[in-house]
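First listed ligand is number 1; within each ligand, the first listed atom is number 1.
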Amino acid sequence: MEIDVVQGAPEGVEADVLVFPVPDPAALPETARALDSLVEGRLSHLVEDGELKGEEGCITLLHSEGRIAAHRIAAAGVGDGALLDADRLRTAAGAVATRTGDVGGRSIAWILGTDGSLSVAEQARAIVDGTAIGPYEPGRWKTNGDPQPQIERLVLCGDGAGDAAEEAWHASVVVSWTNRCRDLVNAPPNELTPARLAEWAEEAAGEVGIGFEALGPEEIRSAGMGALTAVSQGSDNPPRLITLRYEPEGARRDLLLGLVGKAITFDAGGLSLKPALRMEEMKSDMGGGAAALAATGAIAQLGLPVRVLTVVPACENLPGGHAYRPGDIVTALNGKTIEVTNTDAEGRLILADALWHARSSGATHMLDLATLTGAMVIAMGDYYAGLFANDESWADEIEGAAEASGDHVWRWPLHDTYKRYIESTFADMKNSSDYKQGSPILAARFLQEFVGEGPWAHLDIAGTAYLERSRGDYYRGCGATGFGVRLLAELARRLSS
Ligand code: BES
Ligand code: MN
Ligand code: ZN
């Protein structure tokens with residue numbers, strides 16, 4: 001999506017649809033007054049007749065009949081004006097973009113406001129996000145599909161729009177990688193194998209000019225990654241340990257951001273087999289890995305001056321004659337032994353090796369993303385991911401980036417007492433507890449055994465990476481959200497300034 005910024009009057013801007021926001025109850029904003037007189041009061045007549053509504057996501061279209069440069073005017077409802085925040089604006093932008101596509105339009109001009117609670121930069125980011133995320137179509141595999149065309153050009157206009165140029169460009173790069181991440185997560189598991197994910201990463205790395213490496217099964221085994229080896233051995237599709245390295249000139253030497261993402265390309269549970277109902281959704285169990293890879297692409301394309309090391313362990317978790325068993329004891333890369341008590345608690349195993357690998361490769365600040373526990377879905381639903389951290393200021397940094405990015409997180413506790421849950425009779429620890437208690441927390445506490453020294457945080461994105469049903473906001477459909485890409489890109493931006 002091409003982005004343009006036009007400082008000043010919107011009536012000369014050429015677009016298929018020129019948009020202004022309307023609060024509920026409906027009233028023409030200051031920015032629409034001039035437009036209203038150019039169209040001879042038609043907008044205020046629609047308000048008077050109750051046809052132009054300010055409810056969130058409600059769009060009213062009017063043909064301009066050549067009275068302004070844009071073909072149509074759209075009034076986009078943003079709901080109660082006093083409550084307007086960036087996510088509501090994203091929802092309005094998503095609705096406008098979808099409606100524009102429905103009427104055959106490809107270009108949108110949005111008039112930024114100067115009087116509300118959101119800065120022009122915040123408005124620009126939200127509008128870019130909603131415009132690109134809203135019309136995303138997950139039905140790519142339908143042969144008779146009518147794919148929702150994407151918006152090709154977005155113009156931000158109005159007084160002060162000039163200040164939004166940088167932010168808008170930034171957001172457009174990040175959101176394009178967010179949609180590429182969604183494509184990966186939505187892809188079926190027969191197509192998106194660990195090897196195919198590694199190929200995707202290699203192509204992306206070539207595109208943005210960063211380092212790429214992928215280890216295969218023998219290299220993973222001989223490196224001492226016994227946990228990743230164990231999980232992967234039930235599948236004929238071989239595992240990969242994917243790494244990306246972004247080392248820009250002029251970056252801080254004292255900081256290496258270590259991004260780690262769980263990439264189980266299909267989680268059947270292994271011998272501790274999952275029930276059949278909705279098992280197909282476990283193709284999304286690589287959402288953390290996909291987000292880490294795609295975010296690294298965005299960070300490199302933006303040229304942010306921060307060093308990044310991304311480590312993504314990728315494999316399948318299947319039952320079979322070669323599958324690892326409950327009762328197996330495996331040795332992770334850091335030498336600790338783990339008794340496998342449930343083969344469906346596989347994410348923490350592959351992350352154990354990947355986290356230790358990232359830290360021993362020099363990562364100073366680590367963040368992992370993983371669709372780790374079903375209990376996180378039950379506890380938090382589809383809007384907030386759970387945040388766990390061993391360092392207060394690192395947690396604050398991540399929370400700040402999350403809030404600004406639209407990928408929301410909620411802090412969870414991480415106390416040493418939870419280590420009791422994973423004490424094993426036979427090994428240094430076990431990978432699951434038989435008590436139905438605190439499962440996201442003990443999973444995080446398990447990961448902590450493998451993070452070494454220094455700040456680390458874990459995001460359990462089980463509820464936010466993949467939607468079973470629409471959220472009813474700017475994520476208009478179900479399926480992958482690309483959760484984490486916007487958050488990680490914002491975090492990298494904050495670390496580099
Ligand atoms: N990938 C799942 C977690 C998951 C469940 C993500 C539902 C998204 C939606 C993970 O590997 C898993 O199976 N976790 C188990 C662990 C348990 C066996 C200790 C869980 O949370 O039920
Ligand atoms: Mn599992
Ligand atoms: Zn899993």
Inset, instruction - Provide the number and element of each atom of ligand 1 under 4.0 Å from a heavy atom of T371. - result: 1 (N), 2 (C), 3 (C), 6 (C)
Inset, instruction - Kindly report the OE1-the Mn ion (ligand 2)-OD2 angle for E346 and D267 respectively, rounded to 10°. - result: 100°
Inset, instruction - Could you check V312, L241, N237, I264 and say which one makes a side chain to side chain contact (heavy atoms under 4.5 Å, CB included) with P194? - result: N237
Inset, instruction - Considering just N/O/S atoms, say which atom of E346 is closest to the Zn ion (ligand 3). - result: OE2
Legend entry - Region of A462 that comes within reach of ligand 1 [heavy atoms, distance under 4.0 Å]: both
Legend entry - Residue selection (non-hydrogen contact nearest atom 5 (C) of ligand 1) among A465, G288, G374, G269: G374
Legend entry - G216 to R240 - nearest heavy-atom pair and separation: CA-NH1, 4.1 Å
Inset, instruction - State, yes or no, whether a side-chain contact exists between L84 and Q123 at a heavy-atom distance under 4.5 Å. - result: no
Legend entry - Beyond-backbone contact of D285 with E346, side-chain heavy atoms, under 4.5 angstrom: yes
Legend entry - Heavy-atom side-chain proximity of L89 to W110 below 4.5 angstrom: yes
Inset, instruction - Give yes or no for whether the N/O distance cutoff of 3.5 Å, strictly under, is met between T373 and ligand 1. - result: no
Inset, instruction - Could you tell me whether the Zn ion (ligand 3) has an N, O or S atom of L372 under 2.8 Å away? - result: no
Legend entry - Which of the ligand 1 atoms, numbered from 1, are nearer than 4.0 Å to a heavy atom of S432: 19 (C)
Inset, instruction - For P413 and F388, work out which heavy atoms get closest and say how close. - result: O-CD2, 3.4 Å
Legend entry - Proximity to ligand 1 by part of L372, non-hydrogen separation under 4.0 Å: backbone
Inset, instruction - With heavy atoms under 4.0 Å as the rule, classify the contact between R348 and ligand 1 as side chain, backbone, both or neither. - result: side chain
Inset, instruction - Could you point out which residue of N186, T98, N179 forms a side-chain hydrogen bond (donor to acceptor under 3.5 Å, both in side chains) with Y136? - result: N186
Inset, instruction - Go through E449 and K419 one step at a time and tell me if the salt bridge (charged side-chain N to carboxylate O under 4.0 Å, His left out) criterion holds. - result: CA-CA 9 Å; E449 292 295 306; K419 216 191 147 192; 3.8 Å; yes
Legend entry - N/O/S atom of D344 inside 2.8 Å of the Mn ion (ligand 2), strictly under: yes
Inset, instruction - Give the single entry among M376, K436, E346 that approaches atom 11 (O) of ligand 1 most closely by any heavy atom. - result: E346
Legend entry - Any N or O of N342 closer than 3.5 Å to N or O of ligand 1: no
Inset, instruction - Report the part of D267 in contact with ligand 1, treating N, CA, C, O as backbone and CB onward as side chain, heavy atoms under 4.0 Å; options are side chain, backbone, both, neither. - result: side chain
Legend entry - Candidates T341, L271, N431 - the one meeting side chain to side chain contact (heavy atoms under 4.5 Å, CB included) with P326: L271
Inset, instruction - Among Q448, M366, H458, R348, find the residue that satisfies the side chain to side chain contact (heavy atoms under 4.5 Å, CB included) test when tested with L355. - result: M366
Legend entry - From K262, E468, M282 - option closest to atom 9 (C) of ligand 1 by heavy atom: M282
Inset, instruction - For the Zn ion (ligand 3), find the closest N/O/S atom belonging to D285 and write down its atom name. - result: OD2
Inset, instruction - Give the name of the N/O/S atom in D267 that lies closest to the Zn ion (ligand 3). - result: OD2
Inset, instruction - Indicate if the distance from the Zn ion (ligand 3) to the nearest N, O or S atom of D344 falls below 2.8 Å. - result: no
Inset, instruction - Just let me know how K274 lines up against ligand 1, side chain, backbone, both or neither, with a heavy-atom cut-off below 4.0 Å. - result: side chain
Inset, instruction - Taking the side chain as every heavy atom from C-beta outward, state whether L257 and R307 have any pair of such atoms under 4.5 Å apart. - result: no
Legend entry - Part of D344 within contact of ligand 1 (heavy atoms, under 4.0 Å): both
Inset, instruction - Flag yes if more than 12 heavy atoms outside R471 fall under 6.0 Å of its CZ atom; otherwise flag no. - result: yes
